[in-house]
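To keep things clear, I will list the structure first and then write my remarks on it.
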Protein chains: 2
Amino acid sequence: MKIDKGLIGGSTILLILTLLSEKDYYGYEIIKTLEEQSDSTFQFKEGSLYPVLHRMENEGFVVSYREKSESGKERKYYQITPLGQEQLAEEKEQWLVFSRAVNKIALGNEFGLAGA
Amino acid sequence: MKIDKGLIGGSTILLILTLLSEKDYYGYEIIKTLEEQSDSTFQFKEGSLYPVLHRMENEGFVVSYREKSESGKERKYYQITPLGQEQLAEEKEQWLVFSRAVNKIALGNEFGLAGA
DNA sequence: TGACGTACATAGATAATCTATGTATAATGC
DNA sequence: GCATTATACATAGATTATCTATGTACGTCA
């Protein structure tokens with residue numbers, strides 16, 4: 001199933017910051033990891049992800065550094081900052097409030113229990 | 001808490017069609033109902049909602065008719081169509097898949113159980 | 001009579017993403 | 001040896017979406 005873009009857009013930063021709170025990732029790795037962990041629900045294209053990462057760096061949520069992989073290809077790694085940690089907490093809270101509200105109205109379910 | 005616009009945008013049609021699947025609503029009533037049922041999580045402005053309703057009518061998800069209220073004010077009621085019913089089912093399914101994927105990654109929870 | 005709530009509508013600014021394209025190297029298959 | 005695919009970055013431009021601001025109009029209440 002193709003998920004509507006509008007739905008995905010609002011959660012992109014939450015998803016990226018979640019990954020980065022565990023370890024440093026490079027852009028391409030984020031795309032592959034989100035695709036795998038979501039069972040292909042999320043299939044970001046480079047053109048969608050890289051500008052978001054640049055914006056996040058601009059806003060101080062992440063910092064980046066370049067490093068060569070074993071294969072010799074250069075990668076640009078992103079690391080979450082304390083400000084990014086705060087943002088992550090904020091976005092997670094917003095997601096909870098938001099998804100609970102949608103579930104209540106659209107599924108008639110106050111507790112955010114989706115489909116269980 | 002102010003919920004990010006991006007998050008809300010993708011679910012607008014799902015929410016509206018859910019209400020309309022129960023009874024006919026007029027625009028202003030949709031705004032008030034979503035605000036009330038979501039404990040003020042959703043606070044749509046007219047400028048945001050009316051263009052969406054017009055678009056939905058354009059796409060055949062709803063039809064509209066005008067009717068005077070007891071007070072004499074004219075209202076424009078929206079009614080869901082069979083195509084709108086299909087769209088509602090589709091959007092509900094998408095919401096389930098999407099929210100489950102976000103919950104799995106961001107909350108480490110495979111079943112979409114948010115905060116319980 | 002003035003303020004507020006109801007009820008509709010749209011123009012224009014703003015913001016966001018996606019499509020398409022480009023570069024470059026490594027690995028794989030034939 | 002050569003072509004294709006995967007990896008890995010980047011950006012311009014088109015498209016699309018929403019929000020802000022504004023306008024109209026009527027009813028009600030103080």
Side-chain angles (χ1 to χ4, degrees), chain A residues 2-16 19 24-36 40-59 61-79 91 98, chain B residues 2-16 19 24-36 40-59 61-79 91 98:
Chain A
K2 184 98 185 302
I3 303 291
D4 184 74
K5 301 155 190 191
L7 221 42
I8 294 176
S11 67
T12 306
I13 293 181
L14 168 62
L15 295 170
I16 295 173
L19 293 187
D24 298 357
Y25 279 78
Y26 55 97
Y28 197 79
E29 190 184 13
I30 291 175
I31 293 173
K32 295 301 165 191
T33 304
L34 287 180
E35 179 166 355
E36 187 215 316
S40 297
T41 300
F42 304 125
Q43 297 184 289
F44 288 96
K45 303 283 160 43
E46 285 100 321
S48 306
L49 188 75
Y50 289 127
V52 175
L53 286 171
H54 299 161
R55 185 154 43 88
M56 288 171 69
E57 188 165 21
N58 253 19
E59 289 173 10
F61 300 153
V62 298
V63 290
S64 68
Y65 56 93
R66 286 176 179 280
E67 212 174 79
K68 275 212 167 59
S69 67
E70 325 76 48
S71 66
K73 283 199 74 61
E74 191 164 71
R75 292 165 177 169
K76 192 171 174 184
Y77 282 88
Y78 290 90
Q79 184 172 45
E91 299 232 356
F98 165 74
Chain B
K2 184 99 185 300
I3 304 289
D4 183 74
K5 302 155 188 189
L7 222 42
I8 294 177
S11 68
T12 307
I13 294 182
L14 168 62
L15 295 170
I16 295 172
L19 293 187
D24 297 358
Y25 278 78
Y26 56 97
Y28 197 79
E29 189 183 16
I30 291 176
I31 292 173
K32 296 300 164 193
T33 304
L34 287 179
E35 180 166 355
E36 186 215 318
S40 297
T41 300
F42 303 124
Q43 298 185 290
F44 288 95
K45 303 284 162 38
E46 284 100 322
S48 305
L49 188 74
Y50 289 128
V52 175
L53 286 171
H54 299 159
R55 187 154 42 90
M56 287 171 69
E57 188 165 20
N58 253 20
E59 290 173 11
F61 300 154
V62 298
V63 289
S64 68
Y65 56 94
R66 288 177 178 280
E67 212 173 80
K68 274 209 167 61
S69 68
E70 324 76 52
S71 65
K73 282 200 75 58
E74 191 163 71
R75 292 165 177 170
K76 191 170 174 183
Y77 283 88
Y78 289 90
Q79 185 173 45
E91 299 231 356
F98 165 74

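In the text below, chain A, chain B and the rest are named by the order of the sequence lines, each starting its count at 1. Keep in mind the model is a prediction, meaning the values are calculated, not measured.
A 4.5 Å side-chain heavy-atom check between Tyr65(B) and Asp24(B) finds at least one atom pair inside the cut-off. Annotation: side chain of Tyr50(A) is in contact with side chain of Tyr28(A) (closest heavy-atom distance under 4.5 Å).
Within 4.0 Å of Lys73(A), counting heavy atoms only, lies at least one base atom of the nucleic acid. Heavy atoms of Glu29(A) sit nowhere under 4.0 angstrom from any nucleic acid atom. If you check every strand for non-hydrogen atoms under 4.0 Å, Gly47(B) touches a base.
Checked by atom type and distance alone, the side chain of Ser11(B) pairs as donor or acceptor with a backbone atom of Ile8(B) at under 3.5 Å.
Among dT7(D), dT17(C), dC8(C), the nucleotide with an atom closest to any side-chain atom of Val52(A) is dT17(C). Comparing dT11(D), dA17(D), dC8(C) by their closest approach to the side chain of His54(A) singles out dT11(D). Checked against dC9(D), dA7(C), dC19(D), the side chain of Tyr26(B) finds its nearest nucleotide in dA7(C). Considering only side-chain atoms of Tyr28(B), the nucleotide from dA8(D), dA9(C), dT6(C) that sits closest is dT6(C). Listed nucleotides: dT10(C), dC8(C), dA10(D). Nearest to the side chain of Lys76(B): dC8(C).
In this structure, Arg66(A) reaches the dA10(D) phosphate: one of its side-chain N or O atoms is under 4.0 Å from OP1 or OP2.
Ion pair Glu67(A)/Arg75(A) not flagged as a salt bridge, since none of the NZ, NE, NH1 or NH2 atoms sits closer than 4.0 Å to an Asp/Glu carboxylate oxygen.
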